[in-house]
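These numbers come from the heavy atoms of this one structure, side chains and all, not from hydrogens, waters or symmetry mates.
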Amino acid sequence: MNILVVRFRQMGDAILSTALLNTLRHNFPEANIHFVLNEKIAPLFEGHPSIDKIITFSDDERHKTVTYLKKVWKIVHDTHYDVIIDMRSTANTMMFAFLSKNTPYRIGVKKKYTRVAFNHVIEKCGNKRSMVDYDISYAEPLNALKHIEPVNEFTLHITDEEKERYGEYLQKQGIDLSKPIMLANVTAKLANKVWNEDRMVWVLDKFMKQHPEYQIIVNYAPGQEEANARRIYETLGKPQQVFIDVKARSSRELVAMGYYMTFFFGNEGGARHIMHAAGCPSLVVCAPGNSKTVWIPQTNVLAEGISPADFASASELSKMEREQQYSLISQEFVWEKLQQFTTKLS
C-alpha cells in the first residue's frame with residue numbers, strides 16, 4: 001500500500017501530524033508512507049520511522065502555479081497511491097487528490113468545494129478536541145480496510161549520535177547533566193503571543209531562589225527574540241544558574257536538547273511541540289484565543305497550560321482587548337501552578 005500525506009503549513013502543525021503518521025504505520029506496517037512538507041522544515045523529519053519518503057516544495061515552487069501543478073502531477077503519476085490524505089484541503093493542496101482520481105481513498109476536510117477532489121471527508125476541527133485527536137481522525141475512512149487503532153503520540157526522531165553530540169556541547173557550556181534543567185521560553189516570535197515580561201521575570205526570580213539546584217537555559221530565536229531574552233536576563237541580574245548563550249543551532253538540535261531538559265516553561269509555541277515530541281514535560285502560558293484543548297494534547301508526556309480562558313468565559317473574553325485578556329493571568333497564579341508542576345515531576 002502506498003500512502004501520501006500532504007501537510008505543508010508550519011513546523012508545529014507538522015509535528016502534531018506525526019500522530020497520524022504513527023497511526024498509519026502502526027495499522028499498516030508494510031505501507032510506503034510519503035509525507036509532503038515545506039522544504040524549510042523537512043530536515044526535522046528525516047529518519048522518522050513512520051515516514052518512508054519526504055517530498056518537499058520550496059516557496060518558489062509553491063507560489064508558481066504552473067511549476068506547482070507540474071510537480072504535483074509528476075508525484076501522483078510516478079507513484080500509484082492507494083491513499084491520499086490532504087490535511088490542509090485548500091484549493092492548492094487538493095490538486096494532489098484531484099489529479100489522482102484513481103486513488104481509492106482520497107481523504108480531506110469537508111468544505112463547499114472539496115467534494116470535487118475527495119471521496120471521503122471529515123469535519124473541521126473546532127475547539128472541542130485536541131489537534132492530535134483531530135489529525136488521527138483523517139485515518140477513520142480506512143476503517144473500511146481494517147479496524148484502525150489510534151496512536152495518540154506525536155514524535156520526532158534523531159540519532160543516538162546527534163543526542164550524544166549535543167550532550168557533549170551542553171557540558172562544554174557548563175551545564176551539569178546530573179542536575180535538573182529548565183528550558184525557559186521567555187519570549188516569542190510574535191509580540192502578541194508573549195505573556196507580560198515583568199511577570200515572567202518575577203516568576204523566574206522566585207523559582208531560582210526556591211530551586212537553586214535548577215539550571216535555566218533561555219530559549220530564543222535570532223533577532224528580536226534574542227534581544228528580548230537578553231533584556232530579561234539582564235533584568236534578572238545575570239544569575240549564574242541562567243545560561244543565555246546555550247543554543248540549539250537547528251531544529252534537530254532542539255530535539256536533542258529536549259532529551260536533556262527536566263521540563264519546559266514559558267510562552268506556548270512551536271518550541272513546546274518539539275520538546276513534547278522529545279518527551280520533555282511542559283507548563284506554558286497560552287496566548288488569548290489559543291485553546292489549551294486543541295494545542296496542548298494530553299499524551300503520555302506531562303503537558304499543562306494556563307490560559308485567559310481559565311479566568312473568564314468566552315463571552316467575557318470577547319469583550320476584552322488582547323492585553324486585558326493576558327492581564328487576567330497573574331504572576332501569583334503562574335507561580336502556584338509552577339510549584340504544583342515541579343512537585344509532579346519529583
* **Close aromatic pair by centroid cut-off 6.0 Å: F333 and F311** =>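 Under 6.0 Å, so yes.
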Using a strict threshold of under 4.0 Å (side-chain N to carboxylate O), is an ion pair present between [Y] and [X]?
| X | Y | result |
| --- | --- | --- |
| E226 | R230 | yes |
| K110 | E123 | yes |
| D13 | R88 | no |
| D310 | K292 | yes |

Legend entry - Min side-chain heavy-atom separation F154-D135 under 4.5 Å: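 Result no, sub-4.5 Å side-chain heavy-atom pair not found.
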**Asked** Do S282 and E304 touch side chain to side chain, with heavy atoms closer than 4.5 Å?
**Response**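 Of all side-chain heavy-atom pairs linking E304 with S282, none is under 4.5 Å.
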Once the angle between the rings of [X] and [Y] is folded into 0 to 90°, is it parallel (under 30°), tilted (30 to 60°) or perpendicular (over 60°)?
| X | Y | value |
| --- | --- | --- |
| F96 | F57 | perpendicular |
| W335 | W202 | perpendicular |
| H77 | W73 | parallel |
| F35 | F45 | perpendicular |
| F263 | Y214 | perpendicular |

Taking atom types as modelled, find out whether [X] and [Y] have a side-chain donor-acceptor pair closer than 3.5 angstrom.
| X | Y | answer |
| --- | --- | --- |
| H34 | Y81 | yes |
| R25 | N22 | no |
| H276 | E153 | no |

What are the two closest heavy atoms between I181 and I175, and how far apart are they?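 Shortest heavy-atom separation between I181 and I175 comes out as CD1-CG2, 3.5 Å.
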Exercise for review: May I have the step-by-step check of side-chain hydrogen bond (donor to acceptor under 3.5 Å, both in side chains) for N185 and N219, ending in yes or no?
Suggested key: CA-CA 5 Å; N185 204 45; N219 179 62; 2.7 Å; yes
- Message: Count I, L, V, M, F, W, Y as connected when their side-chain heavy atoms are under 4.5 Å apart, and connections chain through other members. Are I41 and V6 then in the same cluster?
- Response: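 No; tracing contacts between hydrophobic side chains, which count when under 4.5 Å, never links both residues.
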query: Can you list the residues that meet the salt bridge (Lys or Arg N to Asp or Glu O under 4.0 Å) rule with E162, with sequence neighbours excluded?
result: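 For E162, the residues satisfying salt bridge (Lys or Arg N to Asp or Glu O under 4.0 Å) (neighbours in sequence not counted) are R252.
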